[in-house]
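Nothing here was measured: the structure is a model prediction, and the numbers come from that model. In what follows, chains are A, B, ... by sequence order, proteins preceding strands, each numbered from 1.
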Amino acid sequence: MYALIDCNNFYASCERVFDPSLNGKPVVVLSNNDGCVIARSNEAKKLEIKMGTPAFQVMHLVKSSGLKMFSSNYALYGDMSARVMTLLGDFSPEVELYSIDEIFLKMVGFEKFVLHEYGLLMIQKILRATGIPVSVGIAPTKALAKVANKIAKKFSEKTGGVHIIDNPVLIEKGLKWTKIGDVWGIGRRYAAKLEAIGVHNALDFTLLPKQYVQKEMSIVGLRLQRDLSGLPTLDLEQTKAKKNMAVTRAFGKNYDTYGEVRERVSTYCAKLAEKLRREDSCCSQVYLFIHTNPHRKELPQYSNGVTIKLPYATNSTITIIKSVMGGLEKIYRDGFSYKKAGLVAMDLAPDSGRQLAIFSNEDPRHSTLMSMIDRLNRTTYGRVRFAGQDPIKTWKMRQEFRSNRFTTRLGEIILIRC
DNA sequence: TCTGGGGTCCTAGGACCC
DNA sequence: TCTGGGGTCCTAGGACCC
């Protein structure tokens with residue numbers, strides 16, 4: 001059996017832990033730059049606020065419906081996630097951290113356990129230790145555990161937050177209940193395609209001929225189909241080394257000049273290099289893209305990208321900025337209002353096992369310099385910058401509604417007044 | 001005015017090798 | 001006149017996830 005434990009409305013729940021007055025009120029958390037809604041409490045869902053709604057479109061609900069709005073606070077969410085996952089890891093020897101708010105547990109050798117009670121115990125323990133509410137789905141396969149988890153959450157009054165699918169009758173019931181678009185692994189495109197041929201729920205999908213699924217959805221669809229039918233196919237996955245690492249951001253405003261875009265891209269380079277160093281990694285290629293705002297249909301649109309080969313595998317900000325600037329010159333066009341740029345580091349390799357080139361290699365002084373810069377920036381970010389970065393602006397995100405970083409900054413710890 | 005960020009996997013087709 | 005067979009690697013594009 002597999003268990004999937006998922007934190008309910010995770011980001012919104014994190015905000016509530018440190019401000020219980022938010023309980024019972026509609027809460028939303030916004031994306032970077034306070035752009036759009038990326039998390040909602042149940043009350044916010046009831047207000048029909050959809051995932052991805054632009055923040056300015058829900059602003060009026062603050063007054064009219066008591067909506068509470070938060071900028072995203074990843075320092076808080078990341079730390080809370082680590083606490084929850086560590087505790088849940090104690091419930092099984094084999095786990096897979098699936099996302100910031102979900103974890104799979106493999107339940108082998110638990111035959112003597114009453115799984116429903118075991119699930120309730122998880123919920124109690126996590127709630128008491130962290131204040132985060134979670135739901136538990138248990139089933140013979142991962143895809144079915146996902147289904148079970150949705151049911152546990154949807155009917156929480158009845159299930160107490162735990163649902164177990166452990167026989168063919170419950171499998172069929174669960175599959176029938178799951179709309180095709182809600183199936184794990186079926187996105188918008190496939191959902192539309194499947195609806196068009198009369199496949200409306202997960203059960204319909206399991207009954208499709210294998211050849212059809214293989215042809216239209218490749219081996220991925222086939223595996224999913226088996227797993228949903230109750231034949232264990234998808235197993236826990238090992239955490240593997242990352243293949244890509246990205247820094248992509250929309251700008252706070254539109255930029256019309258090369259100088260402004262160049263400044264942003266330099267700053268993103270510095271961010272990316274720093275991220276590489278933090279993970280003891282380096283890269284030998286970087287993909288750079290820039291584009292205008294696709295939502296502003298009345299403005300001329302432009303979008304382009306370029307892959308830049310670095311002279312050698314590196315994580316030096318100096319080398320990366322120098323190479324990426326060459327790429328930017330190639331794709332930048334005058335006459336457009338730019339809204340977003342991004343960098344993706346590719347061909348990642350561990351810093352220690354770096355492949356040396358024959359003719360040219362990194363100036364050995366870079367690595368010493370970089371670790372010193374990182375040290376200086378650790379306490380006050382932006383203390384040391386590169387010449388291409390704006391000395392004042394550097395890295396300022398719009399974050400009007402951010403809560404305190406209660407668990408990771410001593411200066412922002414919660415205050416209790418008597 | 002204002003619309004996110006960071007990832008993964010699979011497949012087909014082209015270039016190239018012997 | 002007649003032009004093979006088997007393989008690898010890389011990339012772009014399409015799908016998906018949270």
Side-chain angles (χ1 to χ4, degrees), chain A residues 4 6-11 28-40 49-60 69-74 77-78 81 85 96-104 142-143 146 149-150 180-194 213-224 234 237-254 268 271-272 275-276 279 285 287 289 291-299 305-307 309 337 339-348 397-401:
Chain A
L4 174 68
D6 177 312
C7 302
N8 304 345
N9 314 319
F10 183 53
Y11 296 171
V28 295
V29 176
L30 305 177
S31 63
N32 278 329
N33 277 322
D34 293 342
C36 60
V37 173
I38 55 164
R40 306 154 297 157
I49 299 173
K50 299 267 179 313
M51 198 73 164
T53 310
F56 69 90
Q57 286 178 10
V58 297
M59 205 67 89
H60 67 281
M69 230 161 36
F70 289 90
S71 305
S72 40
N73 183 348
Y74 288 106
Y77 312 149
S81 167
M85 297 309 167
E96 176 190 342
L97 288 172
Y98 181 67
S99 75
I100 193 162
D101 70 335
E102 285 172 70
I103 184 170
F104 282 105
K142 282 172 86 176
K146 274 271 192 185
N149 183 286
K150 274 224 165 95
I180 191 66
D182 292 338
V183 175
W184 182 44
I186 308 262
R188 262 208 309 272
R189 296 294 176 89
Y190 284 152
K193 204 176 204 172
L194 291 167
V213 176
Q214 160 92 62
K215 186 167 157 277
E216 298 297 326
M217 303 172 66
S218 81
I219 187 80
V220 183
L222 212 51
R223 286 189 200 132
L224 174 65
L234 310 169
E237 285 181 24
Q238 315 292 325
T239 27
K240 287 176 237 144
K242 251 193 230 174
K243 299 193 165 152
N244 294 310
M245 188 185 288
V247 171
T248 71
R249 290 275 185 294
F251 308 141
K253 51 177 282 234
N254 285 349
Y268 295 7
K271 264 286 186 208
L272 183 69
K275 204 165 164 183
L276 284 165
E279 303 204 7
Q285 283 194 80
Y287 177 76
F289 69 83
H291 63 72
T292 51
N293 187 345
H295 300 289
R296 300 285 299 274
K297 298 214 165 27
E298 75 283 8
L299 295 178
V306 60
T307 302
K309 288 212 190 321
S337 255
K339 180 61 181 173
K340 183 169 179 173
L343 293 166
V344 184
M346 299 181 302
D347 281 358
L348 300 190
M397 253 196 314
R398 218 165 70 191
Q399 275 199 328
E400 277 183 65
F401 322 103

Report which part of the nucleic acid [X] touches: base, sugar-phosphate, or nothing (heavy-atom distance under 4.0 Å, all strands).
X: A:I100; result: nothing
X: A:K50; result: nothing
X: A:K215; result: nothing
X: A:V29; result: nothing
X: A:A55; result: nothing
X: A:M59; result: nothing
X: A:Q57; result: nothing

> Got more than 12 heavy atoms from elsewhere within 6.0 Å of CD, A:E298?
Replying inline: yes
Can you name the nearest heavy-atom pair linking [X] to [Y], along with the distance?
X: A:I100; Y: A:M85; value: O-CE, 3.4 Å
X: A:T53; Y: A:V58; value: CG2-CG1, 3.9 Å
X: A:S71; Y: A:Y77; value: O-OH, 3.8 Å
X: A:K340; Y: A:R249; value: CG-O, 3.3 Å
X: A:A345; Y: A:L276; value: CB-CD2, 4.3 Å

>> Work out how far the P atom of C:dC18 is from that of B:dT3, and round it to whole angstrom.
In response: 25 Å
> Of all nucleotides in DNA chain C with an atom under 4.0 Å from a non-hydrogen atom of chain A, which is the first and which the last going 5' to 3'?
Replying inline: C:dA15 to C:dC18
>> Could you tell me the Watson-Crick or G-U partner of C:dG5, where both distances fall under 3.5 Å? Say none if there is no partner.
In response: B:dC18
